[in-house]
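See structure below.
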Number of protein chains: 2
Amino acid sequence: MSLRHALLALLENRPMTGYELAKQFDESAIYVWHAQHPQIYTELRKMEADGLIDVSAARRGTKATKRTYFLTEAGASELTRWVSEPQQPPRERDPAYLKAIYFEFGSFANARRQFEAHLEHYRRLERQWRAHADQLERRDTDLIRRRLARAPEKAHDAIVDFKVHTYRGLIERAKVEVAWAKRGLAMVDRLERDAGIAEGDEVSPPQIDSIESSE
Amino acid sequence: MSLRHALLALLENRPMTGYELAKQFDESAIYVWHAQHPQIYTELRKMEADGLIDVSAARRGTKATKRTYFLTEAGASELTRWVSEPQQPPRERDPAYLKAIYFEFGSFANARRQFEAHLEHYRRLERQWRAHADQLERRDTDLIRRRLARAPEKAHDAIVDFKVHTYRGLIERAKVEVAWAKRGLAMVDRLERDAGIAEGDEVSPPQIDSIESSE
DNA sequence: ACAGCCATGTAAGTCGTTACATGATTGC
DNA sequence: GCAATCATGTAACGACTTACATGGCTGT
């Protein structure tokens, strides 16, 4: 249930609408968690029902309502409970790596394309996270300024350092992905030189192995 | 729909029962994808309905049936289609990193516990992946031997190298996590020395920020 | 007789995605 | 008047987890 806690943590800084929350998740490197707007609106309603957040609704035009959510005390204490609860590590589930294990079922050109896309993707992520980490370190984002303003001065270093440490960790992750893809491209070049396999062919297509032939 | 393709790829080596497939996912470092048995049994039935796999059912006792699945030609060509299809990168969604951003809401002791658990987890993963990568490189697993036996010799290097490259990539990932957690522990030590905050306290508890106080 | 592993499922529920749908406000 | 952006939702479906349930086989 991490979406819930990501939302609580954002609302701890200031009251926001579902739309604003969705933007944080969507548009930027700011966030380490992805979610789409229908899930966010739905989760906010549930959190309201559970008393973790409260809403101040305002009319918009004749029919629409603008709902601005803010933390309740129950929400604040749920946040501290969650932070102190042991976090079980995520299950391994990366489709790019799964596919890479079976690149033999495609052509060398395909492996190359896949590694190139991987490279591009993580280069972009690295840039974005780096920009955000730098901004945080300078204490130069809207949210961090609000956070520090409401915290005792002696806690400021810890608040910033925990966040910067996390984004720097994500940068290191991205760098590992970039390096992996680069080594992958070099490997494809080498394999293609060594093997006498025609351009565009599958390296070694899958074969069916029926009961009869195996037992 | 990666579970489906993970299953197809395993069945490409040899026919297996749902139970055997579940073991591969469950028990070992062999696999880069996690799944529980109910999902596997359900997915196998769907794949059968879609004609990607076929089954040879055998009686077990009076009521039970042992169902051994094998690839069909449609399954084999679905595998090659999937490998050549562009793979969109996974969304960022790591609860451990999300939580680390908000370690300020807990105590230093909590941050330390969390980093230690992270460290232990990825050390174990690294060991397991390393063992598997080494075995693969020596061409010394059941599945890789079966795979190579049914492939043209000139393709052997590529088949092994793609897999080894992937597991070595996972090892690098795990090492980055270990290093991140170690730096995290050092950071906690430093912060705790610097700040005059009492043992066991929250660093800076969340505060509620209602509409009134913010606008 | 019992333990431990082999083997297969159902049911209920949560989490997450995609497609569809509607209306308001701001600036040009 | 139009486009872009603000703003909020529903419906259907697919992916995944957890709990529950049953029975067979092998070795001690």
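Chain naming here is simple, since letters A, B, ... match the order of the sequence lines and numbering starts at 1 in each. Bear in mind that the values here come from a model prediction, so they are computed numbers and not experimental data.
The phosphate of dT8(D) has neither OP1 nor OP2 within less than 4.0 Å of any side-chain N or O from Y19(A). Taking 4.0 angstrom as the limit, R93(A) places a side-chain polar atom (N or O) nearer than this to OP1 or OP2 of dT17(D). An OP1 or OP2 oxygen of dG9(C) is reached within less than 4.0 angstrom by no side-chain nitrogen or oxygen of Y41(B). Listed pair Q36(B) / dC16(D) fails the phosphate criterion, with no side-chain N or O lying under 4.0 Å from OP1 or OP2.
Here T65(B) lies in heavy-atom contact (under 4.0 Å) with sugar-phosphate atoms only.
Between the C1' atom of dT17(C) and the CZ atom of R91(B) lies a distance of 8 Å, rounded to the nearest Å. Counting to the nearest Å, the P atom of dG16(C) and the CG atom of L7(A) are 11 Å from each other. In this structure, CD of Q39(A) is placed 17 Å from P of dG14(D), rounded to the nearest angstrom. The CD atom of E43(B) sits 16 Å away from the C1' atom of dT8(C) (whole-angstrom rounding). Between the P atom of dT8(C) and the CE atom of M16(B) lies a distance of 13 Å, rounded to the nearest Å. Regarding H5(A), its NE2 atom lies at a distance of 14 Å from the C1' atom of dC15(C), rounded to whole Å. Residue I40(A) contributes atom CD1, which lies 13 Å from atom C1' of dG9(D) at whole-angstrom precision. Here dC6(C) presents its P atom at 10 Å from CD of E20(B), a figure rounded to the nearest Å.
Using a 4.5 Å heavy-atom threshold, the side chains of T72(B) and I208(A) count as separate.
The cationic group of R173(A) lies under 6.0 Å from the six-membered ring centre of Y97(B) and within 45° of the ring axis, placing it in a cation-pi geometry. With a 6.0 Å cutoff to the six-membered ring centre and a 45° limit on the axis angle, R91(B) does not count as a cation-pi contact of F25(A).
Among the nucleotides dT18(D), dA15(D), dT17(C), the one closest to the side chain of M1(B) is dA15(D). Residue K46(B) has its side chain nearest to dA15(D) when only dC6(C), dA11(C), dA15(D) are considered. Nearest nucleotide to the L3(B) side chain, out of dC16(D), dG9(C), dC6(D): dC16(D).
A perpendicular orientation is assigned to the rings of Y41(A) and H37(A), their planes being inclined by more than 60° (bins at 30° and 60°).
Nearest-nucleotide positions on DNA chain C place H37(B) closer to the 5' end than the other of H37(B) and Q88(B).
Aromatic ring centres of F115(B) and H165(A): separated by under 6.0 Å.
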